[in-house]
Amino acid sequence: MASLSIRSVSKAFGANKVLDDVSAEIGTGAFVTLLGPSGCGKTTLLRIIAGLVEADGGEILMDDTNVTRLEARRRGIGMVFQSHALFPHMTVLENVGFGLRMRGVPRQERDRLASEALALVHLRDFGRRYPQQLSGGQQQRVAIARAVVFKPRVLLMDEPFGALDRKLREALQIELRRMTRELGITTIFVTHDQGEALILSDRIALMQAGRLVQIGTPAEVFRQPQTRFAAEFMGVENFFAAQILGSDADGTALACGAARLLSRVQAKLPAGGGIAVGIRAEDIALSDDAHPVNGTSGEVRDVVYHGNTWTISVSSAMGEIVCTTQAGAAANPPANPGETVQLAWRPDAVLVIPDP
Ligand SMILES: Nc1ncnc2c1ncn2[C@@H]1O[C@H](COP(=O)(O)OP(=O)(O)OP(=O)(O)O)[C@@H](O)[C@H]1O
Ligand SMILES: [Mg+2]
């Protein structure tokens, strides 16, 4: 277990600047997720931490020791990749014990530690099998056991559940959370799935085009996205340009054209300033009444059934608005195209986004 400091790390491949001055402090035992779209530099950052790729600039520290120039195998880091890459000619137990064998650990001790690691991922009885006799999810659990068997100081995981179906992925997420907390192991987990990041993480580090744009607890990143990109990536569908009418500790009053909005968030900008406002589709409800504040009316354009929910697109004076309502047992849509509807939302649904 170690703390990890990433200090001003930069990397280019030719003219392609892949990481631009990335810094983060990761406490001992923390579970941090690097979240971002494809190509934003997640794997490259992970490989630089592991010592598999050399940064152009910046430093990596483990427990305040500079490891920037230390060989990968001396860093005490365990890694799990998207494809598990187990050795097909070795049993599960031998696969898990492989790293210990390379470190000269004698056979008996190796098998004991490998069995322990297999028990952690609920595969104690699978040691004598070969990888091809396991399901994809079981193979990935073997890969996790192999990465933690030598008690690494830091565990790095690169989209380890990407190839698995949703149900299995969710089961392994819960298991991984339990295991890393039990072992107290410092973990950096890469994903482009916001749901996975929210479930697993103590903190989420959101990346965009080689830069770290926001780092915070899942609730902070979900409820207080600081940029339009962060908000979109965390699933906010509706954005409006707004003007600040006034802001204090209780919240912010905003104008969006003729509409009046009230947010619980204090905007750190003076009255008269322009700002972006975001509202999640599931936070907007159909209403029987007109709401002078935090509401608008409009014409229904489109209604789509998703099983649990309906998605309704409304053309309003504030612009296009998407709202999601629970479907329940009713088979009838809550509104029909062409109909005029009232929409309403609560002040805590109004996200103030400082950087549009
Ligand atoms: N060895 C390399 N040589 C040249 N370019 C590379 C190399 N490795 C990565 N890149 C480029 O660096 C950028 C970031 O790649 P990286 O693999 O870090 O992204 P990622 O965030 O992990 O994406 P994904 O979610 O698709 O895995 C991409 O534009 C990629 O093409
Ligand atoms: Mg990647």
Side-chain angles (χ1 to χ4, degrees), residues 4-24 26 31-60 67-69 71-73 75 77-86 136 139-140 143-144 146-147 152 154-166 168-170 172-173 176 180 186-201 203-216 218 221 225-235:
L4 197 68
S5 305
I6 300 163
R7 297 204 178 146
S8 300
V9 167
S10 300
K11 178 72 186 174
F13 290 110
N16 184 10
K17 198 157 196 194
V18 172
L19 293 173
D20 184 9
D21 196 18
V22 172
S23 296
I26 296 160
F31 195 119
V32 174
T33 296
L34 296 178
L35 176 65
S38 183
C40 73
K42 305 180 296 294
T43 295
T44 305
L45 181 56
L46 213 60
R47 294 176 68 85
I48 286 172
I49 296 168
L52 301 171
V53 167
E54 205 179 324
D56 297 337
E59 291 174 339
I60 304 292
V67 298
T68 314
R69 263 160 261 296
E71 277 178 87
R73 64 193 179 88
R75 294 190 187 188
I77 286 177
M79 272 199 93
V80 181
F81 301 94
Q82 178 163 5
S83 59
H84 17 77
L86 302 175
Q139 290 185 34
Q140 201 54 294
I144 294 171
R146 186 176 59 177
V154 172
L155 179 62
L156 305 178
M157 309 182 92
D158 195 355
E159 310 220 22
F161 307 141
L164 306 175
D165 67 56
R166 193 173 59 90
L168 186 56
R169 211 163 59 215
E170 283 170 5
L172 286 179
Q173 283 163 3
L176 177 68
T180 53
T186 311
T187 305
I188 303 183
F189 185 97
V190 163
T191 184
H192 57 259
D193 176 345
Q194 55 122 329
E196 187 164 75
L198 290 170
I199 290 173
L200 285 170
S201 319
R203 285 197 303 157
I204 295 174
L206 199 57
M207 285 182 74
Q208 176 188 19
R211 299 187 70 101
L212 241 174
V213 290
Q214 189 172 349
I215 184 159
V221 177
Q226 294 297 302
T227 67
R228 164 103 185 214
F229 165 84
E232 279 179 14
F233 208 77
M234 297 315 288

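Just so you know, ligand 1 is whichever comes first in the structure, and atom 1 is the first atom listed for that ligand.
Atom 23 (O) of ligand 1 is flagged as protein-proximal [any protein heavy atom, distance under 4.0 Å]. Inside a 4.0 Å radius of atom 30 (C) of ligand 1 there is not any protein heavy atom.
Remark: side-chain polar atoms of S23 are paired, donor with acceptor, to backbone N or O of S8 under 3.5 angstrom. A donor-acceptor pair under 3.5 Å links the side-chain atoms of Q140 to the main chain of P160, judged by distance alone. Formation of a donor-acceptor pair under 3.5 Å by the K42 side chain with backbone atoms of L35 is not found in this model. Side-chain N or O atoms of T68 include one that pairs as donor or acceptor with a backbone N or O of I60 at under 3.5 Å.
Using a 4.5 Å heavy-atom threshold, the side chains of Q214 and T227 count as separate. Looking at T186 and V32, their side chains never come closer than 4.5 Å, going by heavy atoms from C-beta outward.
To the nearest 0.5 angstrom, M207 atom CE is 9.5 Å from F229 atom CZ. Remark: T180 OG1 to L200 CG distance equals 7.5 Å, nearest 0.5 Å.
Taking only non-hydrogen atoms, the option from A209, G162, G41, S38 nearest to atom 19 (O) of ligand 1 is G41.
Inside a sphere of radius 2.8 Å centred on the Mg ion (ligand 2), the protein N/O/S atoms present are T43 OG1.
In this structure, M207 does not count as a contact residue of ligand 1, since none of its heavy atoms falls inside 4.0 Å of the ligand. Judged by the shortest distance from any of its heavy atoms, G36 lies outside the 4.0 Å radius around the atoms of ligand 1.
Counting only heavy atoms of the protein, atom 25 (O) of ligand 1 lies nearest to K42 NZ, 2.8 Å. Of all protein heavy atoms, the one closest to atom 28 (C) of ligand 1 is G39 O, 4.1 Å. Nearest protein heavy-atom neighbour of atom 15 (O) of ligand 1: T44 OG1, 3.8 Å. Among all protein heavy atoms, the one lying closest to atom 8 (N) of ligand 1 is F13 CE1, 3.4 Å. When only non-hydrogen protein atoms are considered, atom 12 (O) of ligand 1 lies nearest to V18 CG2, 3.1 Å.
Contacts of T43 with ligand 1, taken as heavy-atom pairs under 4.0 Å, involve both backbone and side chain. The residue V53 has no part lying near ligand 1, judged by heavy-atom distances below 4.0 Å.
Across I49, V9, L19, L52, a single residue satisfies side-chain contact (heavy atoms from CB on, under 4.5 Å) together with T44, and that is L19. With M157 as the fixed residue, the side-chain contact (heavy atoms from CB on, under 4.5 Å) test singles out one of I188, T187, V190: T187.
For residues 188-200, the pairs satisfying salt bridge (charged side-chain N to carboxylate O under 4.0 Å, His left out) are R169-D193, with sequence neighbours left out.
For ligand 1, the atoms lying closer than 4.0 Å to a non-hydrogen atom of E159 are 25 (O).
S10 and D20 share no donor-acceptor pair across their side chains, judged by distance under 3.5 Å alone.
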